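Only one structure is covered here, and it is reproduced in the block below.
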Amino acid sequence: MTTQIEKLIQSAKEKAYEETDSAAEPALTSAVEWPVKCNVGLGLEGAVACETTIGYVNGSKGWLIYRGLDCFDLSEFSSFEETSYLLIFGKLPSSKELADFNAKLAEYRILTDEEWKAVNALPLGKGHPMSDLRTAVSVLGLLDPTAEDTRVEAETEVSIKLLAKVPALAGIIARVRKGQEPIQADTSLSLAADMVRMMTGNAPSEEDAKVMDVCLILHADHGMNASTFTSMVVNSSMSDMYSSIVAGIGSLKGPLHGGANEAVLKTLEEIGSPDRVDDWYANARTKKKKVMGFGHRVYKAYDPRARVLQPLAELLSKRHPEVEKYYEIAVKLEGKVISELGKEKKIFPNVDFYSGIVYAAMGIETEMFTPIFAVSRVAGWTARVLEYLKNNRIFRPRGIYVGPAYVEYAPIDKRG
Ligand code: CMC
């Protein structure tokens, strides 16, 4: 029987395809001839860093595919575990492959005594939870005797460990920050459901578990975004997978990237009520402030992930008047931004605009939103690091020197 969530995903897909020409683009499959001639803008806009078969963001149509599979279909039919397998190993698993993969994930999910003690001994909660997570992943790397083995097989195994352990770290971080006892993983639950349980202390309902699973699927990979590129750059020196993921977490943390989901909730709180949206927006425009959760380097159409998350946010927000108010503010703000910037600048909501409302409805604290993004993005980071490692060449772009050619050295007492 089709559930309400599946129906919402189907109608999001229909809307996305209705608004664009649904034919695939031939450019999708053309091979790269090195050296590539391309126009590069500031922030490496337009630069080509590698060839990949992992995923494709069609910015003009607002589509996202992983290994050729549409993100709407994966959201409806797949699981985060299966999607991670797809990203890392390049194909959907057979039943046996999925069972073996899940068994490995289950084995790694329970932190060892040594890992549990070391992570719980950290001064968690003093800074941002993404800093907690960055440090905790680094500690796992210190404790893993295989961490320095940079062969593809060894780094693949570390990738599976990280997929399994990062949700447990997010759980510990969430609870320690609230002054609560952390809880170990329950491997009878899915990664998504167990992450919610380890954060909130309660196993989610079936509906919430599916919604969180969809959230993890939708955040799992997204082209050559800043954190993915960061992870790849770190690994390209033949460093190690833990260092690469630690770096990815550091990059994702910023409000222009994954940190936007937290910033959106703060914006909605600041606006306070739907009738204040117009004034808030006018003031933001006067001050040339960006509206968090809008805009994208690649999407010049509605982000397909936001298309799925918006109706899910609507569904879940109905449970709490406070969260419902945030949803109403968000819808009004979306209308305002699209009417003013949609046509002119192609600014639409991105993945971070509605995700926080979904998490808030599940009782998850605002500061934990970006760590949830990281839990999911481990799949994309590791998949792309592994793909690049198979044909590795160290990243080394140029910075064009525009300073003076010669400055005479002045002794310290002669400097102005
Ligand atoms: N609100 C208002 N104007 C915007 C926004 C926004 N959120 N985003 C872009 N613009 C305008 C920007 O002011 C600029 O206008 P002009 O040409 O007049 O100077 C134009 O659109 C191009 O913007 P940009 O900053 O040059 O674009 P970029 O490709 O360098 O940055 C971005 C992309 C996502 C960082 C940016 O859109 C942004 O800062 N958005 C808000 C933060 C956010 O939601 N980030 C999450 C991104 S999606 C999830 C992820 O990958 O992490």
Side-chain angles (χ1 to χ4, degrees), residues 39-47 54-60 62-64 66 71 130 215-232 247-268 270-271 277 280-310 313 330 333-359 366 369-381 384:
N39 286 326
V40 179
L42 200 57
L44 292 182
E45 179 172 6
I54 292 179
Y56 177 65
V57 183
N58 186 326
S60 57
W63 299 348
L64 170 63
Y66 301 160
C71 75
M130 284 294 276
C215 290
L216 296 187
I217 290 170
L218 289 174
H219 286 81
D221 183 64
H222 208 249
M224 200 56 56
N225 56 84
S227 59
T228 299
F229 186 50
T230 302
S231 296
M232 290 170 63
I249 293 170
S251 169
L252 186 72
K253 175 173 177 258
L256 298 187
H257 194 4
N261 55 13
E262 179 181 339
V264 168
L265 233 280
K266 289 187 175 148
T267 300
L268 301 177
E270 188 185 311
I271 296 174
V277 166
W280 183 92
Y281 181 76
N283 186 37
R285 294 307 292 156
T286 312
K287 292 189 175 146
K288 297 201 182 314
K289 255 173 56 177
K290 282 185 173 171
V291 189
M292 291 290 124
F294 286 87
H296 200 274
R297 176 66 62 79
V298 184
Y299 288 123
K300 300 303 162 204
Y302 207 106
D303 184 330
R305 303 165 300 172
R307 275 198 200 273
V308 174
L309 293 171
Q310 177 266 321
L333 186 58
E334 173 184 328
K336 191 82 195 155
V337 175
I338 292 184
S339 72
E340 304 233 348
L341 301 174
K343 253 209 171 125
E344 183 205 338
K345 294 193 190 220
K346 309 272 185 229
I347 303 274
F348 299 94
N350 59 49
V351 69
D352 292 317
F353 192 58
Y354 287 105
S355 60
I357 296 176
V358 171
Y359 305 149
T366 307
F369 295 175
T370 316
I372 296 176
F373 195 153
V375 163
S376 159
R377 191 52 65 83
V378 166
W381 289 332
R384 286 182 185 259

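It should be emphasised that the depicted structure is a prediction, and the values quoted were computed from it without experimental measurement. Order of listing sets the numbers, starting from 1, for every ligand and every atom in it.
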Is there a polar contact, in the sense of an N or O pair closer than 3.5 Å, between [X] and ligand 1?
X	result
K345	yes
R305	no
M292	no

Is [atom] near the protein, in the sense that some protein heavy atom lies at less than 4.0 Å from it?
atom	result
atom 41 (C) of ligand 1	yes
atom 23 (O) of ligand 1	no
atom 32 (C) of ligand 1	no
atom 7 (N) of ligand 1	yes

(request) Note the single closest protein heavy atom to atom 25 (O) of ligand 1, along with its residue, its atom name and the distance in Å. (result)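 Its nearest protein heavy-atom neighbour is K290 NZ, 2.5 Å.
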(message) Check for me whether the distance between the ring centres of Y299 and H222 falls short of 6.0 Å.
(response) yes
(request) Compute whether any side-chain donor of one residue and acceptor of the other, for H257 and S227, lie under 3.5 angstrom apart. (result) yes
(message) So, using salt bridge (Lys or Arg N to Asp or Glu O under 4.0 Å) as the criterion, who are the partners of K345 when residues are at least two apart?
(response)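 Partners of K345 by the salt bridge (Lys or Arg N to Asp or Glu O under 4.0 Å) criterion come out as none, since no residue qualifies.
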(request) Please state which part of L256 comes within less than 4.0 Å of ligand 1, counting heavy atoms only: side chain, backbone, both or neither. (result)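 The answer is both, backbone and side chain.
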(request) May I have all residue pairs that pass salt bridge (Lys or Arg N to Asp or Glu O under 4.0 Å) and include part of residues 215-231, sequence neighbours excluded? (result) D221-R384
(message) Contact between ligand 1 and G43 is defined here as a heavy atom of the residue under 4.0 Å from a ligand atom; is it met?
(response) no
(request) Could you tell me whether E262 and K266 make a salt bridge, using a distance below 4.0 angstrom between a side-chain N and a carboxylate O? (result) yes
